[in-house]
Structures are given as structure tokens and as C-alpha cells.
Amino acid sequence: MEKDPQLSVMGGGLVGCLLSLYLAKQGYKVEVYERRPDLRSAELAGGRSINLALSDRGWRALETIGIAEDIKKVAIPMYRRVMHDVQGNLSFQAYGQAGQAIYSVSRGGLNKALLDLAEAQPNVTLHFQEQVLEVELSTNEVTLLNTASGQEHTIQPDVLFAADGAFSMVRLSMQKTERFNYEQSYLDYGYKELTIPPAADGGWQLEKNALHIWPRGQYMMIALPNMDGSFTCTMFFPYDGEVSFKNLQTEEQVQSFFQKVFPDAAALMPELTQEFFENPVGSLVTVKCFPWSHAGKVVLLGDAAHAIVPFYGQGMNAGFEDCTILRGLLEEHGTDWETIFKTFQEVRKPNTDAIADLAVYNFIEMRDKVADPRFLLQKKIESKITAQYPDAWLPLYSMVTFSPDLPYAEALANGRRQEEIMRHLMTHIGSEADYDKPEVQAYLQEQLA
């Protein structure tokens, strides 16, 4: 049975689609407005997709709408990082305990699946090529431009959910209100998408069930596997400076650079120079703001509320977790939107700030530290601690990625405490065997038992 309020969701991306499904299953009539053409019928420009890493928080959200098993069929588990040095030598770092993995999924493929599900709901209506021009917060009137017809029109929903991305037009209207805090920061790095195609027999040219990293100190490249045998590579690189996008201007410069710095990858990339100059450079932005709601009539979620850089693989997972939290509040508070939205922002804001900070930190770790023998030794020691004290020690990455009931802010606080312990411990450790030293064991007993 449908409930009375008219709900509109701005944004038909991953978070907007999932939210519309949650709202529809609660019995609401939902109108979804998406700026882009329908993904399922339009050819979109390549070069900006950054494959997604789906982990436990995201899986939990998908399970609640019954599509987790279908998505798993087109997702590739990645059980470990594989680091490639300049000579092509490999080192390895497991993501979690045996059997734990993050999953490489196609952003477009997942979005299409969610659009299909939303369209199949009788009380969800999808509208494409509808660009938000302005939101009048006092009346909830939204002015939209249909980019296909060139016509402007207005809608006036009772409740407006803004899942319209890092450059949200709904949030822009809220930024003009009093006491709205807004912070936007860019890394001095851009990203460019490249491809390692399948082998001649259709298989994968690198280890399939792994996330590959080429860490080079001040920059890096990563590669995630696709179902067709290819890898989507993403190069994270400074905009300016001696080694930068600005200084790679010719095919010869690009080929020479890759053969020198990423030689094993370059040998597998026949379309390297063509893709390098055809695909755009994307920017990496963090957005923090507050409040996320206005007068119980408008709420921000996903990237509109908390855009983060991709280095913890948690952007989509955090957005999906927003939907999970909102769903629980809807079940608890019915149509008391003001209470729902105020509780939502108070619960989520500390956690999304925490994952934003962790994502920037993880860029430094992936870029610099994963190639450092001392760092890799520390990770091995941490694994030993986890095995010895399973109830008292879980690595930070596992807390974020494989512990969906643990809030991000708690994971960050626990991680900082553990980092202090490791800083002291590693002064006594030169090899794995040193873990058994009496002074090491005594310190751990004191801290963790």
C-alpha cells in the first residue's frame, strides 16, 4: 500500500538507485531524476570509471534487496595486493584472513543492474537527462532542465533526497543557507584510466584474483580485473612538477616513461599511448559539509554529503551504508522526517569524516609504504598478533573492510591506538623471528591481554 508523501531522489547513480529501492519497499512513491542519459541505452565516454571495490558494507546493502548473489556472478574476488617493483619483481600482502576478499565490479554494470531493479518497481519512476538548475529550499521547489528537449520545468516533492554526487546542485542551494559548513579539498594528483587487454586465449595476463599496485613513491598505478580477462588500470599522478601529467606531452615521452617506470605493465598495454591521450585526467576531491538536512524536507547522502578519494575502496560502500542506516531509521520513525534526518546526520557525519581521512592516508600507504620491506614486515607481525590475540587485535584495514558493524570512527580510533603499539614494538623487531622475543611478548601481554 502506497503512503502519501511524494518523494524525489536527485541522482540515478548507485546510491540514488539503491535508496529508491529501499523507499519503494517501504511503500513510498518515488520519482528519480538523473542528469545523464540512461546508462542502459547510451554509450558513455570512457576513461572515468575507476572499477569499484565492493566490500562487506556494500554487500550487506545489496543483500537486503536480494541481488547480492546476482552481483557476485559478475564480481571478481581479490584476496591480496600484488606489488610490482621497477624490475617487475612481485611481493604480496593478503587483505584479510584466509578466504576474505574485496570484489572488483564494474561501476556501469552494477548501476545498470540497480536501474533495472528500480524500473521493475511499480512505485518508482525514472527520469533521465534531467539537470537540477536550482532548489528553492523554502518551498522545496526544484527547477530542472530536460537536456533532450531544452525545456525547463519545476517539481515540488514533499521530501527531497540528494544523491547527486560530489558536485551536488542540491547541496549548492544548502550552502547558501546560514551556518552551513562546507569544506572541499583536492589532491595535487589526477588519475587516468588505461587498459591491459585479455591474453590471446581470453585469459588474464596478470594474477586474476588480486589488486595489482605499481608503487613508485610519489605516484602509482593500480589494476583491477574485469570479467572479460582485461584489467582496468588507473594511474595516479601529479598534475604538475618534473614528473607529472604536464610533462608527458608526446607519444615518445609516454612510451619512454612507462618502459622505464612500469616496464612489466607497459609490455602488456598495446593501446597505451592512444588511451593516454584520449582518456581525460580526472580529479580527486574530498568533500565534507554539515548539516546534511534542511527542515526535515531535504537530505544529502552519498558523495553529495561526503565525497572521498578512492584509496580505501569505500566511496560506494559508504554511500550504500548511508542507505542501510536511513532504512533502519525509516523503519523506526515512520514519516517523522525531521527526526530521521537529524539522527542520520549525527550518526553518519563522524564516520564519513573518519573514512575520508583514512582514504587520504591509504593513498600514502599504497603509493609509498607497500614497497618498503619494513612496512611489509610490520604487516606480517600484525598478522601474528591477530592470530595470538584474535579478540583484542584486528588490523585497521580489516576493521574498515570486513567489519560492517563497526563504525568507521571507531575503526580509526582503534587503528591509531594500534599504530602506537606497533611503533613501540617495531623497535625490537628486525625479522619475523623476533616476534618470539620475551620483551616483545611481555609488551603485547601488557597491552592486549
Side-chain angles (χ1 to χ4, degrees), residues 9-19 34-36 47-55 57-58 61 107-108 110-111 131-132 135 160-176 180-193 222 234 236 239 280-294 298-326 341 344-345 347-364 366 400-401 407-409 412:
V9 175
M10 295 298 135
L14 297 168
V15 173
C17 282
L18 181 65
L19 177 66
E34 167 55 44
R35 178 178 52 84
R36 299 167 298 176
R48 288 194 181 276
S49 64
I50 297 190
N51 278 44
L52 299 169
L54 190 54
S55 58
R57 295 171 200 266
R107 177 192 295 273
L110 181 55
N111 205 161
Q131 180 181 347
V132 178
V135 180
L160 181 62
F161 296 84
D164 53 340
F167 304 103
S168 167
M169 288 299 292
V170 181
R171 188 190 65 231
L172 185 62
S173 295
M174 291 173 65
Q175 285 170 227
K176 298 170 186 174
F180 186 92
N181 293 303
Y182 176 72
E183 177 188 337
Q184 172 183 290
S185 56
Y186 284 92
L187 294 183
D188 293 329
Y189 289 75
Y191 70 88
K192 187 177 285 285
E193 187 180 285
I222 66 172
T234 310
F236 297 98
Y239 281 106
V281 176
S283 59
L284 297 163
V285 66
T286 298
V287 170
K288 296 179 181 179
C289 66
F290 199 79
W292 293 357
S293 65
H294 180 81
V298 182
V299 69
L300 307 173
L301 70 159
D303 284 356
H306 51 78
I308 65 174
V309 294
F311 303 109
Y312 230 106
Q314 287 295 308
M316 170 190 61
N317 293 289
F320 280 4
E321 192 172 58
D322 285 351
C323 296
T324 303
I325 300 293
L326 262 178
F341 294 164
F344 172 67
Q345 67 188 17
V347 167
R348 291 299 286 159
K349 170 67 172 169
N351 293 308
T352 57
D353 282 356
I355 193 58
D357 294 342
L358 282 166
V360 173
Y361 171 79
N362 212 44
F363 176 42
I364 298 164
M366 292 172 73
V400 169
T401 307
Y408 289 126
L412 176 58

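All figures in this text were calculated on a predicted structure; none of them were measured in a lab.
- In this structure, Y191 and F236 have tilted ring planes: the angle between them lies in the 30° to 60° band.
- W292 is not listed as a side-chain neighbour of L301, based on a closest heavy-atom distance of 4.5 Å or more.
- The minimum heavy-atom distance between F341 and V298, with the atom names listed, is CD1-O, 3.9 Å.
- For the atom pair CD of Q314 and CG of L52, the computed distance is 11.5 Å after rounding to the nearest 0.5 Å.
- Heavy atoms only, all atoms of each residue included: A166 and V287 are closest at O-CG2, 4.1 Å.
- C323 places a side-chain heavy atom less than 4.5 Å from the side chain of V15.
- We find the CZ-CG distance between F320 and L18 to be 5.5 Å, quoted to the nearest 0.5 Å.
- The minimum heavy-atom distance linking L110 with M316 is given by the pair CD2-SD, 3.6 Å.
- What you find for F311 and A359 is that their closest heavy atoms are CB-O, 3.3 Å.
- Checked by atom type and distance alone, the side chain of N351 pairs as donor or acceptor with a backbone atom of A409 at under 3.5 Å.
- The OG1 atom of T234 lies 11.5 Å from the NZ atom of K192; values are rounded to the nearest 0.5 Å.
- Separation of atoms CZ (R57) and OH (Y408) is listed at 4.5 Å; rounding is to 0.5 Å.
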D357/K288 under salt bridge (Lys or Arg N to Asp or Glu O under 4.0 Å): CA gap, chis, key distance, verdict: CA-CA 11 Å; D357 294 342; K288 296 179 181 179; 2.8 Å; yes
Does the salt bridge (Lys or Arg N to Asp or Glu O under 4.0 Å) test come out yes or no for D322 and R348, once each step is laid out? CA-CA 7 Å; D322 285 351; R348 291 299 286 159; 2.8 Å; yes
Would you please test I355 and N317 for side-chain contact (heavy atoms from CB on, under 4.5 Å) and show each step? CA-CA 11 Å; I355 193 58; N317 293 289; over 6 Å; no
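- Within the model, atoms CG of L300 and CZ of F161 stand 11.5 Å from one another, a figure rounded to the nearest 0.5 Å.
- Between R35 and D164 there is no side-chain heavy-atom pair separated by less than 4.5 Å.
- From T324, atom OG1 reaches atom CG of L19 across 10.5 Å, with rounding to the nearest 0.5 Å.
- At least one donor-acceptor pair under 3.5 Å links the side chain of N111 to the backbone N or O of G12.
- Smallest separation of non-hydrogen atoms from R171 and C289: CD-SG, 3.9 Å.
- In this structure, F363 and V309 have side chains that are not in contact, with every pair of non-hydrogen atoms separated by 4.5 Å or more.
- The heavy-atom pair separating T401 from Y312 by the smallest distance is OG1-CE2, 4.3 Å.
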